[in-house]
Protein chains: 2
Amino acid sequence: MKTADPELMRAMNRFSVLDSIRRHGPISRVEITERTELSPTTVSAITGSLLDDGLILTRHEGDIRSESVRGRPRVMLELNPAAARVVGAKIAANRMVFVVTDFCGSVLAALTLPIRIDRQPISVIADIVEDGVRRCVLDAGLALSEIHSICLGLPGVIEHRSGHIRSSPILRDANVDFAAEMSARLKTTTIVESDATAITLAHHWFGQARDLEDMVLVSLEQTLGLGVLHNNRLFRGAGGLSHNLGDLVLGMSKDGVMRLASQAGENAILGSEQADGRFAEAVRLGRGMAHAQALIEADDSPLIGAAIRAGETIGFTIANIVTLFAPPRVIVVGSSLALGEPFLTSLRKAYALAIPPSLQDVSEIVFDDSNDDLWARGAAAVALYELYESPWNTTGPAL
Amino acid sequence: MKTADPELMRAMNRFSVLDSIRRHGPISRVEITERTELSPTTVSAITGSLLDDGLILTRHEGDIRSESVRGRPRVMLELNPAAARVVGAKIAANRMVFVVTDFCGSVLAALTLPIRIDRQPISVIADIVEDGVRRCVLDAGLALSEIHSICLGLPGVIEHRSGHIRSSPILRDANVDFAAEMSARLKTTTIVESDATAITLAHHWFGQARDLEDMVLVSLEQTLGLGVLHNNRLFRGAGGLSHNLGDLVLGMSKDGVMRLASQAGENAILGSEQADGRFAEAVRLGRGMAHAQALIEADDSPLIGAAIRAGETIGFTIANIVTLFAPPRVIVVGSSLALGEPFLTSLRKAYALAIPPSLQDVSEIVFDDSNDDLWARGAAAVALYELYESPWNTTGPAL
DNA sequence: CGATTTAATTTGCGACGCGTATTAATAAGA
DNA sequence: TCTTATTAATACGCGTCGCAAATTAAATCG
């Protein structure tokens, strides 16, 4: 077990303060005191040290309640955007999205590469990723040496702690130490993370879960992913292993197992339409969902049927997830949301049927169709999170 | 967020030391130093305070390596059994089991009431439970006032934090504040917990998960439960809600949802045999599994078929759990294990098929058919755990 | 019996968080 | 304009913690 010494105590409170500043914009010391329940003294000491380290800035203007308030005005504190920069990336089968963000998580530069990397050997993919990172950093007017760390989000079973990709639908190889590979290439600390986990943190920081400390996110893309926020922290399986919803088994028959991915994955839904040559081509190029959307609006009944079936399956799967994690909110994201009403309605209906009565009021389902940038930004947030947890001068009694 | 002050620090380290002593029997201070990575000074201070509080005892004999070792002999420390007593209970549909344990978790008295309480109103059940607790305490030669706290383990959806039973297959009523009810009746702190969670802690403390800090347990009784140990702690859903495996949905049809409980619950398996009057009677009296075992050994093919189907379903459900939690070990417990080879073989086979290749080596499955006492002891362990976390004299700098 | 070895405690130090008192910076009132 | 009231932030002193080094305790070995 981790041993508790003053240093840990300091680190915890420092994180607590830093997190308050991040979450609640420009914020005064008094308000931090209230939020963290730390004493004014401690807050003052910690913010002082954060200021010394250049992680935060003061601002004298922004006190909202400045009109007709008597005493000394509050000095507002905010993150120093220039304190560090990180790169976040979303790596998917048919595209990569890179962003460079500052210390606040604001995007400085974004780059989308619509490249189909599906099942290329690892070296090819690493080449493309390396290139993307370098270009995006350049676009931001920075040098790679100015980047503190990089986080790559990709689908599959990721072992965050060790940086290994145990398996990913977009890779040919299995069990690759991708973090080490990319760290060596870019000479910058690189971590890998499940894309679903990344977007989960993105929603916690910037999106629909800012107000929550527990939450579950289901991502419906070519791969089906799951992210869990538990007690304000990302919950990963034992050993830091990420979840992979698509691997869930729905049932068994003589021929083998029926997995969720084969029932409600993007390919499964669109696959029902593969007869049409133009459509298949669109799918291959990553435009499948856009096409599907058009077809559904034109009342393409086989596709609508597939969407309804998928929605039903996802619906009760979400109910199962709620049974296990009891989160107050489930956020559903991903390209499959483009299937529109037939899909969503059947999902909601199936969920309502499947959720056990005793959990009926526990969870609300929310849909969110943010763009790819948010995913990449989530990856960046993962990198920032690790930074926040151990701000370089962890020890720093002023001086 | 919890604010970190010296008190928290001390509490953490105190717990760490106490836990070392609990786990590793009589243990010397040096060894605690090694295990906890605390400094000898700190260990000495904390053990001193624990000794003052009467939570631990010294023992001068038990140094194993005492022969032909030069220096000053180690003084062994161990829990003081008399430091506190708690009651643990397992409440099931057709029986209740109570135990009184000492501070080490050793059973001082056990009491089994083979009473069918299925779906009685809450007041009736509370009466029986109250009676059972009182009798068991008496059997241990104690008075209720000497009991520090009580933990009741029962199936269903339990909200541990608030003490509410949101729903339980053995209760007629839903959303009962059972902890408050029993606390008032017994005038002793009473907590409620999912039975699966209780047995999970039992295995962590006394059983097949002593060496692990992550683990998942699946309980197959009349109800299907799940317990998760994550990072040496019990993992409960958001809000302290326990999991209830039986509510998991396997699929949907026009008539409604198909839940795991209806496919692989004890009643579902034995239900296939209800034609036989004698057998139905046995089931009603809680001897169903014993009978089933006999029938299976006598090659009762419909029942064997049911067992195989149930095993298959449980098998891939476990694979799904592993996909989500990636525990190094899954412990399967509960009366359904009595179905024997047909059941276990089909479970293993289904699991092997269903587990995603990338997780093949992650988890091992272990079966355990401990008796009911262990369940009740697990409940007692839950009570003790909360005691350990805040040993009364939380503040106590020697003096 | 003294030297040696290992265990446990004592001592001195630096860091932390907190409570109280103090200083800083503003608005309202005379 | 000057004073007072009010609120924000800091300085100081206290008690606790954990740790490293020194010291004491208790055994074995020659």
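Note on naming: letters A, B, ... go to the chains in the order of the sequence lines (proteins, then strands), and numbering restarts at 1 for each one. Just so we're clear, the structure is a prediction, and the values are computed from it rather than from any experiment. Heavy atoms only: backbone and side chains are in, while hydrogens, waters and symmetry mates are out.
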note: B:Asp5, atom CG; C:dA15, atom C1'; distance rounded to Å ~ 15 Å
Can you name the side-chain hydrogen bond (donor to acceptor under 3.5 Å, both in side chains) partners of A:Thr33, sequence neighbours left out? none
Please determine, for the side chain of A:Arg29, which listed nucleotide (D:dA9, D:dG18, C:dA8) has the closest atom? D:dA9
The residue, A:Val43 or B:Thr42, whose nearest nucleotide of DNA chain D is more 5′ is A:Val43
Would one find a side-chain N or O of B:Arg70 under 4.0 angstrom from OP1 or OP2 of C:dT4? no
Nearest heavy-atom contact between B:Arg29 and B:Thr47 is NE-OG1, 3.3 Å
Contact list (N/O, under 3.5 angstrom) for nucleotides 12-14 of chain C vs protein:
none

Can you measure B:Arg10 atom CZ to D:dG15 atom C1' for me and round it to whole angstrom units? 11 Å
Length of the line joining B:His60:NE2 and C:dA7:P, which is rounded to integer Å: 15 Å
In chain order, what residues pass the salt bridge (Lys or Arg N to Asp or Glu O under 4.0 Å) check against B:Arg161, with sequence neighbours excluded? none
Which residues share a salt bridge (Lys or Arg N to Asp or Glu O under 4.0 Å) with B:Arg329, sequence neighbours left out: B:Asp211, B:Glu364
Between D:dA9, C:dC16, C:dA8, spot the one nearest the side chain of B:Arg74, thanks. C:dA8
Interatomic distance, B:Leu8 CG vs C:dC18 C1' [rounded to whole Å]: 15 Å
side-chain hydrogen bond (donor to acceptor under 3.5 Å, both in side chains) filter on A:Gln208, not counting sequence neighbours, yields A:Asp368
Roughly, in whole Å, what's the span from CG in B:Leu38 to P in D:dT16? 19 Å
Interatomic distance where CE belongs to B:Met9 and C1' belongs to C:dC16 [whole Å]: 7 Å
For A:Thr42, which residues count as a side-chain contact (heavy atoms from CB on, under 4.5 Å) partner, sequence neighbours excluded? A:Leu38, A:Ser39, A:Ile46
Within less than 4.0 Å of OP1 or OP2 of D:dC17, is there a side-chain N or O belonging to B:Asn13? no
Would you mind reading off the distance between A:Glu37 atom CD and C:dG17 atom P, rounded to a whole angstrom? 15 Å
Could you go step by step and tell me if A:Glu193 and A:Arg236 meet the side chain to side chain contact (heavy atoms under 4.5 Å, CB included) rule? CA-CA 10 Å; A:Glu193 183 55 88; A:Arg236 304 178 178 102; 2.6 Å; yes
Could you give the CD1-to-P distance, from B:Ile32 to D:dC19, as a whole number of Å? 14 Å
Does C:dA24 have OP1 or OP2 under 4.0 Å away from a side-chain N or O of A:Arg72? no
Side chain of B:Val75: nearest nucleotide among C:dA8, D:dA8, D:dC17? C:dA8
